[in-house]
Engineer: 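Handing you this structure, nothing more for now.
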2 protein chains.
Amino acid sequence: MTPPKPSLEMLRALTDENVLRSLMDHPRLTRAEISARTGISKPTISDSVQRLARAGLVVDTGERTTGRGRAGSYYSLAPGLGAALVAAITPRGVVAEAVDALGHVHGQVRTALEADAGPRVAADALTTAARQLAGKIPGRLRLAVISAADPVDRETGRLVHLPDAPFLVGDLDPSAVLAGTVTGPVLVDNDVNWAARAEHRAGCARGVDDFVYLHLGEGLGCAVVNDGVVRRGHGGLAGEIAHLCTAGPDGRAMAFTEVFAVLGLRRPSSTAIDVPALTGLLAGRGEQAERVRSVLVRAIGGVLAAAVSLADPRMVVIGGEWGLCPGLIPAVDAYFSRTPRPVPLTAAVLSSPELTGARARAVEELQSLIVRMAAPAPEG
Amino acid sequence: MTPPKPSLEMLRALTDENVLRSLMDHPRLTRAEISARTGISKPTISDSVQRLARAGLVVDTGERTTGRGRAGSYYSLAPGLGAALVAAITPRGVVAEAVDALGHVHGQVRTALEADAGPRVAADALTTAARQLAGKIPGRLRLAVISAADPVDRETGRLVHLPDAPFLVGDLDPSAVLAGTVTGPVLVDNDVNWAARAEHRAGCARGVDDFVYLHLGEGLGCAVVNDGVVRRGHGGLAGEIAHLCTAGPDGRAMAFTEVFAVLGLRRPSSTAIDVPALTGLLAGRGEQAERVRSVLVRAIGGVLAAAVSLADPRMVVIGGEWGLCPGLIPAVDAYFSRTPRPVPLTAAVLSSPELTGARARAVEELQSLIVRMAAPAPEG
DNA sequence: CATTCTAGTAAGGACTCTTGCCCAAATACG
DNA sequence: CGTATTTGGGCAAGAGTCCTTACTAGAATG
């Protein structure tokens with residue numbers, strides 16, 4: 001609506017951004033290389049590098065080009081610009097890393113958690129890991145990107161408990177937990193959403209800007225990617241499909257999660273799905289197994305019908321502990337391809353996609369933070 | 001990822017854009033007013049106005065300021081910059097307008113169509129209306145924005161027929177139909193999507209960036225607004241909910257459109273809903289009416305459960321011929337507020353929202369087209 | 001050692017935006 | 001009616017950014 005006000009300062013900031021982004025794509029470059037890469041003239045690049053070096057964002061590495069011609073100085077991003085914390089929290093444990101603006105991982109800490117250890121223990125594991133990582137890197141932890149195996153409130157970043165859905169990690173506020181260790185923003189999202197982003201970047205949905213990722217594990221979730229971005233909805237609860245109305249046994253309409261309750265596939269006195277029992281059934285051969293399979297296929301079909309109706313994806317990606325059980329995807333595909341609006345189904349291909357997705361975002365976020373550091377504060 | 005290359009030309013283009021946008025918000029302004037409004041200095045504005053006047057985009061109106069001080073010259077957008085065609089096509093008729101870059105409507109043409117007139121007749125009505133409007137405006141019709149009462153293919157802009165869903169207007173390719181009369185792009189979308197955009201701009205969902213608009217009329221449709229934008233999905237068919245799996249009579253799972261077939265509420269030998277019969281039943285008092293109402297409420301509830309699960313809206317807007325029947329929304333609300341994830345329901349408030357929505361988009365698009373005319377072609 | 005090739009620098013020019021000042025023109029007021 | 005006030009507009013000077021061209025420095029090649 002209102003275009004930005006033109007100013008010479010803006011041009012300079014743009015030049016600096018070009019230089020910084022080049023050095024984020026390539027760890028070390030001479031000024032001539034930056035010039036060639038950006039299309040900006042050599043003198044202008046020299047100016048910018050000088051400015052950025054004075055500001056401490058860029059350093060002369062001391063290395064020189066070899067080969068014909070005069071030796072050029074390699075520049076790179078200053079070490080000490082800091083790193084981002086990436087962490088994935090599940091009821092089984094916490095995995096944490098530190099990544100720098102180049103995308104290099106500087107260390108990984110894995111902490112296993114006992115079953116039903118609870119959110120306090122998870123929080124402690126997270127802070128400990130963050131402190132350890134903070135010691136390993138030259139600068140500070142400037143931001144954190146967290147993947148959690150529970151629904152996440154979009155405003156606050158807290159994990160939330162939805163009725164009749166499992167609360168796997170439990171009541172946790174990563175932003176508060178990390179307040180002392182991480183200086184900047186803490187971004188939190190659902191593991192399924194991160195997984196979908198990872199598959200979109202480099203997995204089976206690469207370049208597909210509209211797809212749906214269905215996660216079938218202890219919890220039931222899905223990510224909706226529309227116009228290339230995971231859509232989280234007002235509260236961040238888009239894709240929480242436990243209560244989606246679908247077809248249960250005998251063609252009765254019921255909530256998705258209900259189907260598992262009726263089939264006796266929930267963990268005792270819990271709303272989480274009994275994955276071992278379910279995989280056992282999916283592998284079984286008896287009449288009973290056959291019946292359960294067909295009920296599940298129809299129930300999943302109902303969920304997919306909803307996803308197709310509301311999101312019109314180009315494809316559906318299926319992941320999760322039991323979603324990848326052999327035979328399940330073909331069975332669902334066979335059923336779904338006979339419905340009025342079939343859509344291709346694919347199996348998720350990445351391992352630990354939630355960490356991959358969160359890591360990519362952490363790098364992006366850290367990079368844009370550094371770019372903003374170069375520009376003087378936009379008035380105040 | 002790759003920031004734009006800085007250049008002085010870019011600054012100038014930005015200044016010009018500031019000037020043009022100012023004159024799009026306010027029909028006439030002096031250079032001093034533009035300067036004050038944009039925060040750009042007077043000499044710079046004078047330069048830009050001179051440039052734009054030479055290019056024929058801006059003209060001195062000849063009017064002068066009155067009041068204290070020296071009289072200033074009022075400038076405005078040049079007439080003859082052209083207009084955009086806005087049209088809404090339904091099986092009942094075609095409504096077409098021409099709007100200019102200031103949002104002024106330059107004429108309206110309404111053509112009634114006989115029932116089942118078919119797409120050829122609608123196409124003729126559209127071209128005739130476009131030709132008439134083209135004669136009434138100073139410049140050319142530079143683009144068109146079309147609302148159609150059928151699903152629209154996102155790639156081609158053609159109306160498409162989905163299985164078991166009514167095809168109200170019928171096979172029509174607005175882009176081809178208008179090729180002779182409109183010089184620029186032809187944007188086509190579903191009437192429900194345009195209505196949702198209108199309610200988002202200025203209706204009951206103003207400022208709500210995540211909501212779902214449920215249209216209950218002859219056809220069943222819905223629009224999903226996420227992060228402030230209507231999400232159309234890969235093929236433009238997001239929101240086509242005829243086959244969404246929901247609860248029918250006796251709690252049986254079935255497609256949404258099936259429910260109406262079972263209840264005998266479809267028009268004879270058609271997949272369109274019999275709206276008169278339905279409104280009659282909704283107003284009725286007998287036991288039969290009661291039963292139908294409760295079935296409908298549950299069926300709609302199932303659809304809303306899907307929308308809430310997948311899109312997490314802040315609110316649900318209900319519109320359409322029978323969606324606004326007295327008593328329906330409260331009944332659905334009473335049912336839905338007892339489900340695990342209730343969301344506020346509201347009635348749509350705008351009249352002919354599809355035209356309003358399309359008009360707003362036409363103005364935006366025409367404005368950005370004019371802005372692009374000011375900038376020299378980005379290399380070629 | 002001369003040649004060739006490349007990185008970096010210096011000078012000059014073109015362009016844009018801003019500040020400050022002055023002028024022109026119209027109203028307000030004595 | 002004449003003067004003060006107020007506002008739009010134009011001009012000049014200055015600072016800043018980027019680009020082109022030409023030149024220098026330095027390293028490998030022959």
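Just so it is clear, the values below take in all heavy atoms, side chains as well, and ignore hydrogens, waters and symmetry mates. Just so it is clear, the structure is predicted and the values come from calculations on it, not from any experiment. Letters A, B, ... are given to chains in the order of the sequence lines, protein chains preceding strands, and every chain is numbered from 1.
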Engineer: Under 4.0 angstrom, heavy atoms only, what part of the nucleic acid is B:Leu8 near: base, sugar-phosphate, or nothing?
Structural biologist: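 Result for B:Leu8 = base.
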Engineer: Rounded to whole Å, how long is the line connecting atom CD1 of B:Ile34 with atom C1' of D:dG8?
Structural biologist: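 Between C1' of D:dG8 and CD1 of B:Ile34: 12 Å.
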Engineer: Rounded to the nearest Å, what distance is computed from the CG atom of residue B:Asp47 to the P atom of nucleotide C:dT18?
Structural biologist: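 The distance from CG of B:Asp47 to P of C:dT18 comes to 11 Å, rounded to the nearest Å.
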Engineer: Figure out the CD/P separation between B:Glu9 and D:dT20, and round it to whole Å.
Structural biologist: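 Distance check: B:Glu9 CD to D:dT20 P gives 13 Å.
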Engineer: Could you work out which one of D:dG8, C:dG8, C:dT16 sits closest to the side chain of B:Ala32?
Structural biologist: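 Nearest to the side-chain atoms of B:Ala32, counting from C-beta on, is D:dG8.
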Engineer: Please give, in whole Å, the distance from D:dC11 C1' to B:Gln50 CD?
Structural biologist: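 Rounded to whole Å, this separation is 13 Å.
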Engineer: Return the CZ to CG distance between A:Arg131 and A:Leu85, rounded to the nearest 0.5 Å.
Structural biologist: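 Those atoms lie 12.0 Å apart.
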Engineer: Calculate the interatomic distance between A:Asp60 atom CG and C:dG8 atom C1'; express it in whole Å.
Structural biologist: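 Going from CG in A:Asp60 over to C1' in C:dG8 covers 13 Å.
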Engineer: Tell me whether the OP1 or OP2 atom of D:dG10 has a side-chain N or O from B:Arg31 closer than 4.0 Å.
Structural biologist: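 Looking at the OP1 and OP2 atoms of D:dG10, one of them is under 4.0 Å from a side-chain N or O of B:Arg31.
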Engineer: Between D:dG8, C:dA26, C:dG8, spot the one nearest the side chain of A:Arg70, thanks.
Structural biologist: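 Ranking D:dG8, C:dA26, C:dG8 by closest atom to the A:Arg70 side chain puts C:dG8 first.
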Engineer: Between B:Ser41 and A:Gly69, which has a closest nucleotide on DNA chain C that is more 5'?
Structural biologist: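 The residue closer to the strand's 5' end, by nearest nucleotide, is A:Gly69.
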Engineer: Between atom CG in A:Leu11 and atom C1' in D:dA15, what is the gap in whole Å?
Structural biologist: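 In whole Å, D:dA15 C1' and A:Leu11 CG are 14 Å from each other.
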Engineer: Spell out, as yes or no, whether a donor-acceptor pair under 3.5 Å connects the side chain of A:Thr61 to the backbone of A:Ser76.
Structural biologist: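 No, because the side chain of A:Thr61 does not come within donor-acceptor range (under 3.5 Å) of the backbone of A:Ser76.
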Engineer: Where the side chain of B:Lys42 is defined as all heavy atoms beyond and including C-beta, which of D:dA15, D:dG10, C:dG8 is the nearest nucleotide?
Structural biologist: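 Of the candidates, D:dG10 comes closest.
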Engineer: So, does A:Thr44 get its side chain near the phosphate of D:dC19, meaning an N or O under 4.0 Å from OP1 or OP2?
Structural biologist: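 True: A:Thr44 side-chain N/O within range (under 4.0 Å) of D:dC19 OP1/OP2.
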Engineer: Just call it for B:Ser73: base, sugar-phosphate, or nothing, with non-hydrogen atoms closer than 4.0 Å on any strand.
Structural biologist: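 Touches sugar-phosphate only.
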Engineer: Begin from the C-alpha positions of B:His200 and B:Asp209 and carry the test side-chain hydrogen bond (donor to acceptor under 3.5 Å, both in side chains) through to its verdict.
Structural biologist: CA-CA 8 Å; B:His200 180 236; B:Asp209 278 349; 3.0 Å; yes
Engineer: Less than 4.5 Å apart, side chain to side chain, heavy atoms only: is that true for B:Ser147 and B:Leu355?
Structural biologist: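 With C-beta onward as the side chain, the pair stays apart.
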Engineer: If you assign each of A:Pro6 and A:Gly72 to its closest nucleotide in DNA chain C, which residue comes earlier from the 5' end?
Structural biologist: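 Mapping each residue to its closest nucleotide by heavy atoms, the 5'-most match is A:Gly72.
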Engineer: Quick one: which of C:dC17, D:dC18, C:dT9 gets closest to the side chain of B:Thr15?
Structural biologist: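 Of C:dC17, D:dC18, C:dT9, C:dC17 is nearest to the side chain of B:Thr15.
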Engineer: Report the residue (A:Thr65 or B:Thr65) whose heavy-atom-nearest nucleotide on DNA chain D is the more 5′ of the two.
Structural biologist: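 It is B:Thr65 whose nearest nucleotide is closer to the 5' end.
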Engineer: Nearest 0.5 Å, what's the CD1-CG distance between B:Ile45 and B:Asn18?
Structural biologist: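 B:Ile45 atom CD1 to B:Asn18 atom CG measures 7.0 Å (nearest 0.5 Å).
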Engineer: Could you work out which one of C:dT16, D:dC19, C:dG8 sits closest to the side chain of A:Ile40?
Structural biologist: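 Taking heavy atoms from C-beta onward, the closest nucleotide is D:dC19.
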Engineer: Between C:dA14, C:dC23, D:dT29, which one does the side chain of A:Arg68 approach most closely?
Structural biologist: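 Side chain of A:Arg68 sits closest to D:dT29.
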Engineer: A:Ser35 vs A:Arg31, test: side-chain hydrogen bond (donor to acceptor under 3.5 Å, both in side chains). Steps then yes/no.
Structural biologist: CA-CA 6 Å; A:Ser35 170; A:Arg31 282 173 276 187; over 6 Å; no
Engineer: Can you tell me the distance, in whole Å, between the CZ atom of A:Arg12 and the P atom of C:dT16?
Structural biologist: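 In whole Å, C:dT16 P lies 19 Å from A:Arg12 CZ.
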Engineer: Rounded to whole Å, how long is the line connecting atom OH of B:Tyr74 with atom P of C:dA26?
Structural biologist: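 Interatomic distance, OH of B:Tyr74 to P of C:dA26: 14 Å.
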Engineer: C:dT9 phosphate, OP1 or OP2: any side-chain N/O from A:Ser46 under 4.0 angstrom?
Structural biologist: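 A:Ser46 to C:dT9 OP1/OP2: side-chain N or O found under 4.0 Å.
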